[in-house]
Novice: 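Quick one: this structure, given as structure tokens, is what I'll be asking you about.
Convention: sequence-line order gives letters A, B, ...; per-chain numbering from 1. Only heavy atoms go into these numbers, but all of them, side chains included; no hydrogens, no water, no symmetry mates.
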Protein chains: 2
Amino acid sequence: MDEFSFIDSIKQHSYKQSSLLKGIGDDAAVFRQPAQDIVTAVDTFVEDVHFSRKTMEPYHVGYRGLAANISDLAAMGASPTFYLVSIVIPKTWSMKDVDQIFHGMREIAAVYQMDLIGGDTVFGKELAVSITVIGYTERNKARYRSSARNGDIVFVTGTLGDSQAGMHILLNENKYENKDYYIKKHQKPLPRVDFAKALADLPRVALNDVSDGIANEASEIAVASGVSIHLYDEQLPISQSYQQFPLDLQRKWKLFGGEDFELLGTVAKESWLDVKEAAEKSQTPITKIGYVHYSVDEVGYVFLHDNKDRQLLQKDGYIHKK
Amino acid sequence: MDEFSFIDSIKQHSYKQSSLLKGIGDDAAVFRQPAQDIVTAVDTFVEDVHFSRKTMEPYHVGYRGLAANISDLAAMGASPTFYLVSIVIPKTWSMKDVDQIFHGMREIAAVYQMDLIGGDTVFGKELAVSITVIGYTERNKARYRSSARNGDIVFVTGTLGDSQAGMHILLNENKYENKDYYIKKHQKPLPRVDFAKALADLPRVALNDVSDGIANEASEIAVASGVSIHLYDEQLPISQSYQQFPLDLQRKWKLFGGEDFELLGTVAKESWLDVKEAAEKSQTPITKIGYVHYSVDEVGYVFLHDNKDRQLLQKDGYIHKK
């Protein structure tokens, strides 16, 4: 397959989004969105930095790459709509494998009726996939990190640490319970778009997606909102068979592991029932894991409480007694 | 400079676009554009594939990379508004040099009041810069390749072949006339945004930017519009001192060289006066170089006419007698 027929092969033959005026095939794509706000982000994945062929088939590289970007849109409360893909292809990758990357992207794109509207295919020394996503939110309903307020409830969707557990299983031959479950969580994570959209009627919610571990995500909310975030260790949601892994890894993955693409959020106590309803409506497991506090000398801090103690959580996994 | 302080250093402290609701600093950026159509494209530049440090300072890599993307927006008739940058940084590049790339981008962005609203910084084996641009056009005024019609006049802005001439000068020590002029055309091309915007009142114009040489760009218009395009060799605009270069290079650069980022267009004869007015208003040199023809057995072809003969131009530079 040469470059031109390859580009033809990844081009969509029809588009699903009615706001799209021009897809691939000109100098740029064109769309129109008068009624909503437009949300956009870009992320790049490099082989052996962000993923390894030891734990990912080409199909998963595409699926997970776009999933991570969609997760950013979910964390803004936006509906995924379009994506553009720039890919650097090294000689070590066959066009057939590259095609599988696009196959993986198409599969998760189809879940949300997203259209591929642009891109670039170039050759280089290492595989790098750069994905730009575009989504829509109701006007003034983009969800910011800076919206957390004193007294808010802190919640998280799903379970934590599963993606890292899946990678661990793939890299360490051994007997594990629910092997396929963890591997799937690593290779084919499902962003929490439906839940985020079900929150649309809430007047205020702070949201962040768990791409780098909740310690880091909570810290970003705390810093942006000028508050501190307090988490209860024993309330952090884990999968049933998660305790089969060594204790230190359990702790490391759930706090700092990341790539679970769950949503971490904070809302006013009065909104908590609405959040639970949104979770039910979108069939999303949700857990209350802490609270937001304002104290002038603790702005930007994240604390982890256990039975009697509290510790200051650092983004990088380094923990201080406090 | 570590990664975090670097990202801080490239982040804009204030934004110019009033349609922007949220810039860098959350999971994604947010903007609102009810009155206009939105245009978006992405391009990636890899070191030693798309540029070389032999002919480009890091500053030029950024300037020219964003210029090429802006040129795509100009070719759609759009006003450049936002950009997002994903960059893969190898160990061979210092953060100081990477910062210079962003400096170059900022400088051309400032010409159009563009805001940097997102990006990603990752480390890898080779420098790759992936730029996504977003622009606005009046409703239904995006300019497509498919708009050329039988009898249209074909025109091009500026002069052709200068960028390749500039690269040639940089790679071959010798005495040349107007050296700085050609080098600037290679390192700091200026996209034809003002001219494209000045065409806004025209009911119809087909536009393509000259990124890959006019033979290729004319072919794209011919294929998309289902017509043939006829160019007059002696009318192709060249710079005054262009004839100092060997004849075969002159021909190669002006037809197949590309990266001049001029605009190639076609309009109805009745619109030609308006196009000339738009050129004058935006101080853009413009030249009539041919015409569009429809003939059922010549769809998608580009012909080059000289004194007595005509030749079929192939995109790749291979020329057939016809």
Novice: Given heavy-atom pairs under 4.5 angstrom as the criterion, report whether the side chain, backbone, both or neither of A:Ala142 touches chain B.
Specialist: side chain
Novice: Is it the side chain or the backbone of A:Arg139 that comes within 4.5 Å of chain B heavy atoms, both, or neither?
Specialist: both
Novice: I need the single residue from B:Ile117, B:Leu84, B:Ile131 that forms a side-chain contact (heavy atoms from CB on, under 4.5 Å) with A:Val42. Which is it?
Specialist: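 So the option named by the test is B:Leu84.
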Novice: Nearest 0.5 Å please: distance from the CG atom of B:Asp27 over to the CZ atom of A:Arg143.
Specialist: 13.5 Å
Novice: With a 4.5 angstrom heavy-atom cut-off, is it the side chain or the backbone of B:Asn140 that approaches chain A, or both, or neither?
Specialist: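 Both backbone and side chain of B:Asn140 come within 4.5 Å of chain A.
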Novice: To the nearest 0.5 Å, what is the distance between OG1 (A:Thr137) and CZ (B:Arg32)?
Specialist: 8.0 Å
Novice: If you take all heavy atoms of A:Val49 and B:Phe123, which pair is closest and at what distance?
Specialist: CG2-O, 3.3 Å
Novice: What closest approach, in Å, do A:Val46 and B:Gly124 show between heavy atoms, and which atom pair accounts for it?
Specialist: CG1-CA, 4.5 Å
Novice: Verify, without hydrogens or angle tests, whether B:Asp26 (side chain) and A:Arg145 (backbone) share a donor-acceptor contact under 3.5 angstrom.
Specialist: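 Here the side-chain-to-backbone pair exists.
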Novice: For A:Ala28, is there any backbone N or O sitting under 3.5 Å from a side-chain donor or acceptor partner on B:Asp72?
Specialist: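 Between the backbone of A:Ala28 and the side chain of B:Asp72 there is no qualifying donor-acceptor contact (under 3.5 Å).
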Novice: By a 4.5 Å heavy-atom criterion (distance strictly below it), what part of A:Thr44 contacts chain B: side chain, backbone, both, or neither?
Specialist: both
Novice: Which bit of A:Thr132 comes within less than 4.5 Å of chain B, counting heavy atoms only: side chain, backbone, both or neither?
Specialist: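 Looking at A:Thr132, just its side chain touches chain B.
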Novice: Tell me whether A:Glu138 at atom CD has more than 12 heavy atoms from other residues, nucleotides or ligands lying less than 6.0 Å away.
Specialist: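 At most 12 heavy atoms, drawn from other residues, nucleotides or ligands, come within 6.0 Å of this atom.
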Novice: Let me know which of A:Val30, A:Ile38, A:Ile134 forms a side-chain contact (heavy atoms from CB on, under 4.5 Å) with B:Ile38.
Specialist: A:Ile38
Novice: Output the option from B:Ser86, B:Ser146, B:Ala78, B:Gly25 having the highest count of non-hydrogen pairs under 4.5 Å with chain A.
Specialist: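 Looking at each of B:Ser86, B:Ser146, B:Ala78, B:Gly25 in turn, B:Ser86 comes out on top.
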Novice: Calculate, to the nearest 0.5 Å, the distance between atoms CG and OG belonging to A:Asp37 and B:Ser19 respectively.
Specialist: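 A:Asp37 atom CG to B:Ser19 atom OG measures 10.5 Å (nearest 0.5 Å).
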Novice: To the nearest 0.5 Å, what is the distance between CG (B:Leu127) and NZ (A:Lys125)?
Specialist: 10.0 Å
Novice: Using a cut-off of under 4.5 Å on heavy-atom pairs, state which of B:Gly119, B:Gly118, B:Ala128, B:Ala74 scores highest against chain A.
Specialist: B:Gly119
Novice: So for B:Val88, is it side chain, backbone, both, or neither that comes closer than 4.5 Å to the heavy atoms of chain A?
Specialist: side chain
